[in-house]
Amino acid sequence: MAMEAATESFVSHRNLLFTIAYEMLGSAADAEDVLQETWLRWAGVDHGTVDNHRAYLVRIVTRQALGRLRTLGRRKESYVGSWLPEPLLTTPDVAEDVELADSVSMAVMLVLETLTPTERAVFVLREVFDVDYDEIATAVGKNPAAVRQIAHRARSHVAARRPREVVTQAASREALAAFRRATETGDLQALLDLLAPDVVFLGDGGGVKQAVPRPVVGASKVARMLLGGLLKVSGWEMEPAQVNGCPALVVRFGGELDTVIAVRVENGRISGLYAVRNPAKLSHMTEETTLRR
């Protein structure tokens, strides 16, 4: 009976645990592996001694994700081209939780990549999931005072780099619709009007699919690259999708999923374009993923 209750508890918290692991790792595949490791460790616990199953599971998944995050950091050093988080086709309710949608947006996930593993764990647990400092301290192996300092440092770091405004879903959809019209019609001026002067384009092909090897910066360079190169090939079509809780575009070639394009919108203009083409990162675009806080 105890094992049955433990299994039910794990299943009931699975979406929460996946969300924590994904926000820490930026990889759904690695988050799934961490969940498997979490289950194996949870199955070996004397559950009669555990007062708070949720807190205990969060502690396990955090420790497993931290270990995986350090390994991923070494892996990313040899990654071909720009590394982008793995996009998720998310359920509609994710968008309704504004704070959750913002925290898993491509723009914010990229900011989280600039934190150290411990800073990222502390930030995610405190700012997104509102875990208390004592519990975070236990999870990351630090004392509460140190965790408070880490949280303050991480919060300041993220605040200085994340979009200054939380853009509404409607505003993002409007920007994406304008982007789609401009690229489909080849309207250079419309595209230039839509892009922020210092817009950044990142492409992730993982060395498998063709992608720009380094960031492209500036409205003119990005617009001309899109219209003169990447989107000049015939046979492609764009369609809207809900990715990481935010409006995005899916590009198909010959009916096959090829690219996911997410955007960062500021002051009504697109300041960031993130194109994921690496096939290994598109497996979670075939069915919706449920995220929970």
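FYI, side chains are in, hydrogens and waters are out, and symmetry mates aren't considered; it's all heavy atoms of this structure.
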Using the side chain to side chain donor-acceptor pair (under 3.5 Å) criterion, which residues pair with Glu113? Sequence neighbours excluded.
Lys76, Arg120
State, to 0.1 Å, how close Ile136 and Val131 come at their nearest heavy-atom pair, and which atoms those are.
CD1-O, 3.4 Å
Are there over 12 heavy-atom neighbours, none belonging to Lys209, within less than 6.0 Å of that residue's NZ?
yes
Reported CG-to-CD distance for the pair Asn52 and Glu135, which is rounded to 0.5 angstrom
7.5 Å
When every non-hydrogen atom of Ala196 is compared with those of Arg269, the smallest separation belongs to N-CB, 4.0 Å
Considering residues at least two apart in sequence or located in another chain, which fulfil the side chain to side chain contact (heavy atoms under 4.5 Å, CB included) criterion with Glu99?
Asp97, Arg293
Go through the steps for Gln169 and Gln242 under the test side-chain hydrogen bond (donor to acceptor under 3.5 Å, both in side chains), then give the verdict.
CA-CA 10 Å; Gln169 297 273 319; Gln242 198 74 10; 2.7 Å; yes
Which residues share a side chain to side chain donor-acceptor pair (under 3.5 Å) with Arg41, sequence neighbours left out:
none
Gap separating the CZ atom of Arg180 from the CE atom of Met238, nearest 0.5 angstrom
8.0 Å
For the student: nearest non-hydrogen atoms of Ala241 and Leu89, plus distance:
CB-CD1, 4.2 Å
Are Val122 and Tyr22 connected in the hydrophobic side-chain network, where two residues link if heavy atoms are under 4.5 Å apart?
yes
Would a single hydrophobic cluster contain both Val61 and Val104, if residues Ile, Leu, Val, Met, Phe, Trp and Tyr are joined by side-chain heavy-atom contacts under 4.5 Å?
yes
Do Leu273 and Met285 belong together in a cluster built from hydrophobic side chains that touch within less than 4.5 Å?
no
Going through the checks in order, is the salt bridge (Lys or Arg N to Asp or Glu O under 4.0 Å) test met by Glu32 and Arg14?
CA-CA 10 Å; Glu32 292 285 3; Arg14 189 188 184 285; 2.7 Å; yes
Enumerate donor-acceptor pairs with a distance under 3.5 Å from any side-chain N or O in residues 212-229 to protein atoms, sequence neighbours excluded.
{"residue": "Ser220", "atom": "OG", "partner": "Arg224", "partner atom": "NE", "Å": "3.1"}

Are the side chain of Ser103 and the backbone of Leu100 linked by a donor-acceptor contact shorter than 3.5 Å?
yes
Is it true that a side-chain atom of Asp204 and a backbone atom of Leu84 form a donor plus acceptor pair closer than 3.5 Å?
yes
Can you tell me how far CZ of Arg59 sits from CG of Leu125, rounded to the nearest 0.5 angstrom?
11.5 Å
Tell me who clusters with Val166, hydrophobic residues only, linked when side chains sit under 4.5 Å apart either directly or through other members.
Val98
Heavy-atom pair of closest approach, residues Gly26 and Met109:
CA-CE, 3.6 Å
Could you pull out all residues at least two apart from Arg75 that satisfy side chain to side chain contact (heavy atoms under 4.5 Å, CB included)?
Asp30, Arg68, Thr71, Leu72
More than 12 heavy atoms from other groups under 6.0 Å of CD on Glu174:
no
Hey, are the side chains of Asp187 and Arg181 touching, using non-hydrogen atoms and a 4.5 Å cut-off?
no
Does Val111 offer a backbone N or O that forms a donor-acceptor pair with the side chain of His157 under 3.5 Å?
no
Under 4.5 Å between side-chain heavy atoms, counting indirect links through other Ile/Leu/Val/Met/Phe/Trp/Tyr residues: same cluster for Val128 and Val34 or not?
yes
Do Arg252 and Leu257 make a side-chain contact, defined as non-hydrogen atoms from C-beta onward lying under 4.5 Å apart?
yes
Interatomic distance, OG1@Thr290 vs CZ@Phe18, rounded to 0.5 Å, equals 10.0 Å
Closest non-hydrogen atom pair between Val199 and Gly272, with its separation:
CG2-N, 4.0 Å
Is the side chain of Asn143 donor-acceptor paired with the backbone N or O of Ala145 at a distance under 3.5 Å, no angle test?
yes
Scanning both residues in full, the closest heavy-atom pair of Arg277 with Leu282 reads O-CD1, 4.1 Å
Following the transitive rule for hydrophobic clusters with a side-chain heavy-atom cut-off under 4.5 Å over Ile, Leu, Val, Met, Phe, Trp and Tyr, establish whether Met24 and Ile150 coincide in one cluster.
yes
Got a second to check how far Trp83's CH2 is from Asn278's CG, nearest 0.5 Å?
10.5 Å
Heavy atoms of other groups near Glu287 CD, more than 12 under 6.0 Å:
no
Within 45° of the ring axis of Tyr274 and under 6.0 Å from its six-membered ring centre, is that where the NZ or CZ of Arg264 lies?
no
Within this structure, what is the CZ-CZ distance for the pair Arg153 and Arg148, rounded to the nearest 0.5 Å?
15.0 Å
